[in-house]
Amino acid sequence: MPFGGENADSYYDDGLTALMKGDVRRAVELLKHAIRLQRSMVAAHHQLARCYLRLGEYQRAGDILSQIVSNKPRMLPARLDYGQVLLSLGQIDRAREQFVYVLEAQESNGRAHMGMAQACFAEGNWEGAVSLAQGARAHMGANFAVLYLLGRAAKLAGSNMMAEEALQEAAGLIEKSLEMSPESPEGHYLRGMVCFAQERYASALDHFRAAEDRAEPDGHYTAFGENFTRIDIMVKQGLCLQRLGGIDAAREIGQRVVALDPSHKLGKALSELPPA
C-alpha cells in the first residue's frame with residue numbers, strides 16, 4: 001500500500017517518486033494501479049507514457065500520448081512528449097506537426113524549437129538543424145541538450161569552429177555536474193558522448209567505462225533529454241574501440257550486448273565485426 005493510502009493520488013505520487021529515483025519499472029506498476037483506481041486521471045496516463053519513453057517502448061508511449069492529445073489537444077506538455085516519441089519512431093513529419101502546433105500556441109516554447117531542430121537533424125538537414133538549434137538556444141538558454149545538438153549539427157554542416165565551441169561549452173556544463181555528483185553514471189555518460197562527437201575516442205572510452213562502473217544492471221537513466229541503460233553504455237564502448245582499431249575487443253562487447261538483448265541492432269553489428 002502506498003504511503004498516503006489506497007487511492008489513485010497516492011499511487012500517482014509514489015509513481016512519480018519512483019520515476020525520479022530512476023526505478024522506472026516500479027513507476028510503471030504504481031502508475032498503472034493509479035489508473036485502475038481512477039481511469040480518468042490524465043496526469044497518470046501522461047507519466048506512464050513518459051515511463052515507456054524512458055524504457056524505449058516507443059509504440060506503447062505513442063499509443064497513450066496519441067489518445068491524450070486527441071482528447072486534450074491543448075495539453076502542450078503531452079504534445080511535446082508525443083513529438084519526441086514520433087521522432088524516436090522515425091515519423092519525422094508527424095513529429096514536426098506536434099512541435100508546430102505548440103509553437104502556434106506558444107511561440108517562445110523552447111522545447112518545441114528544440115524538437116524542430118531535432119527533426120531537421122533526423123532528416124540529415126544539418127544547416128537547418130544548426131539554424132533551429134540556435135533558435136532553441138535563444139528561447140531556452142545554453143543547456144546541454146541544445147549545445148550538444150548544435151555541436152553535432154554544425155560539425156556535420158562543416159562549421160567546425162562553431163561545432164567545437166558548442167561542444168566545449170556542453171563539456172563545461174557536464175564537468176560542473178560531475179563535480180557535484182561524481183558517482184552518478186549520467187555525468188560520465190554525457191561527457192563520453194561529447195568526447196565521441198569530438199572524435200576523442202580514447203577519452204570517450206574512459207568516460208563510458210566510468211559510467212558502466214556506476215550504473216545498475218537494470219537501471220534506466222535520463223539526463224538532459226538523453227535516455228540510456230547500461231547496455232547503451234556498453235555499446236558506446238564498443239563503438240569507441242572499433243574506431244580506435246580494437247576490433248576484437250569491440251566484437252567481444254557486442255557479443256556481451258547480444259547475450260543481454262538479442263534484438264539490439266548496434267550490439268549485433270558489433271558482434272559480427274570481421275577480424276581486423
Side-chain angles (χ1 to χ4, degrees), residues 50 53-54 56 58-59 61-62 65 76-77 79-104 106-174 186 189-201 204 208 221-228 232-233 235-236 239-240 243 265-266 269:
R50 285 184 163 178
L53 176 58
R54 283 182 60 173
Y58 302 122
Q59 193 59 59
L65 291 165
L76 302 185
R79 197 174 279 277
L80 288 166
D81 287 333
Y82 189 34
Q84 290 298 320
V85 168
L86 291 168
L87 284 177
S88 298
L89 291 170
Q91 299 179 32
I92 310 304
D93 289 339
R94 292 185 64 201
R96 187 178 280 113
E97 288 174 4
Q98 308 308 314
F99 303 131
V100 168
Y101 185 102
V102 173
L103 289 172
E104 288 175 349
Q106 291 182 352
E107 186 178 353
S108 62
N109 189 292
R111 281 190 65 196
H113 283 281
M114 182 64 174
M116 294 290 282
Q118 290 171 311
C120 278
F121 190 91
E123 291 175 328
N125 179 359
W126 316 128
E127 291 82 2
V130 167
S131 177
L132 286 163
Q134 289 172 320
R137 180 174 184 171
H139 289 287
M140 63 192 304
N143 67 27
F144 176 84
V146 171
L147 292 168
Y148 180 55
L149 178 64
L150 176 59
R152 288 181 297 148
K155 189 178 184 71
L156 290 164
S159 301
N160 292 326
M161 184 175 295
M162 181 191 297
E164 189 55 28
E165 287 177 356
L167 292 171
Q168 285 284 13
E169 197 171 348
L173 293 177
I174 296 304
E186 292 92 339
Y189 178 79
L190 294 179
R191 191 67 184 87
M193 294 286 280
V194 173
C195 288
F196 193 92
Q198 294 172 312
E199 300 181 21
R200 296 171 52 215
Y201 301 121
F208 289 135
Y221 302 93
T222 186
F224 301 104
E226 296 289 328
N227 299 316
F228 65 96
D232 295 316
I233 300 171
V235 167
K236 290 296 189 298
L239 293 174
C240 289
R243 283 157 175 76
K265 292 180 181 179
L266 278 176

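Looking at Gln168 and Gln198, their side chains come closer than 4.5 Å, going by heavy atoms from C-beta outward. At least one side-chain heavy atom of Met193 sits less than 4.5 Å from a side-chain heavy atom of Phe208. Considering only heavy atoms from C-beta on, Phe196 stays 4.5 Å or farther from Lys236 through its side chain. In this structure, Leu167 and Leu147 have side chains that are not in contact, with every pair of non-hydrogen atoms separated by 4.5 Å or more. The side-chain heavy atoms of Leu190 and Tyr148, taken from C-beta on, include no pair separated by under 4.5 Å. The closest side-chain heavy-atom distance from Val194 to Phe144 is below 4.5 Å.
Residues His139 and Glu107 approach most closely at CE1-O, 4.2 Å, considering heavy atoms. The nearest pair of heavy atoms linking Arg111 to Asp81 is NH2-OD1, 2.9 Å. Scanning both residues, Pro77 and Arg50, for their nearest heavy atoms gives CB-NH2, 4.5 Å. When all heavy atoms of Ile92 and Ala119 are compared, the closest pair comes out as CG2-O, 3.7 Å. For Ala142 against Leu173, the heavy-atom pair with the smallest separation is O-CD1, 3.3 Å. Between Cys120 and Arg96, the shortest heavy-atom contact is N-NH2, 4.0 Å.
A distance of 6.0 Å separates CG of Leu86 from CD of Gln98, quoted to the nearest 0.5 Å. For the atom pair CG (Leu103) and CE (Met116), the distance works out to 6.5 Å, reported to the nearest 0.5 Å. Summarising the geometry, atom CD belonging to Gln91 is positioned 7.0 Å from atom OH belonging to Tyr82; distances are rounded to the nearest 0.5 Å. In this structure, Met114 CE and Asn109 CG are separated by 12.5 Å, a value rounded to the nearest 0.5 Å. Considering CG of Leu87 and OH of Tyr58, their distance stands at 10.5 Å, rounded to 0.5 Å. Note: Ser108 OG to His113 NE2 = 7.0 Å, rounded to the nearest 0.5 Å.
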Assess whether side-chain contact (heavy atoms from CB on, under 4.5 Å) is satisfied between Leu80 and Phe99, documenting all intermediate values. CA-CA 6 Å; Leu80 288 166; Phe99 303 131; 4.0 Å; yes
side-chain contact (heavy atoms from CB on, under 4.5 Å) between Asn160 and Glu164, worked out: CA-CA 6 Å; Asn160 292 326; Glu164 189 55 28; over 6 Å; no
Lys155 and Trp126: CA distance, side-chain angles, deciding distance, side-chain contact (heavy atoms from CB on, under 4.5 Å) verdict: CA-CA 9 Å; Lys155 189 178 184 71; Trp126 316 128; over 6 Å; no
Show the numbers, then the answer: is there a side-chain contact (heavy atoms from CB on, under 4.5 Å) between Leu132 and Gln118? CA-CA 9 Å; Leu132 286 163; Gln118 290 171 311; over 6 Å; no
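A donor-acceptor pair is defined here as one N or O able to donate and one able to accept, closer than 3.5 Å; no such pair exists between the side chain of Ser131 and the backbone of Glu127.
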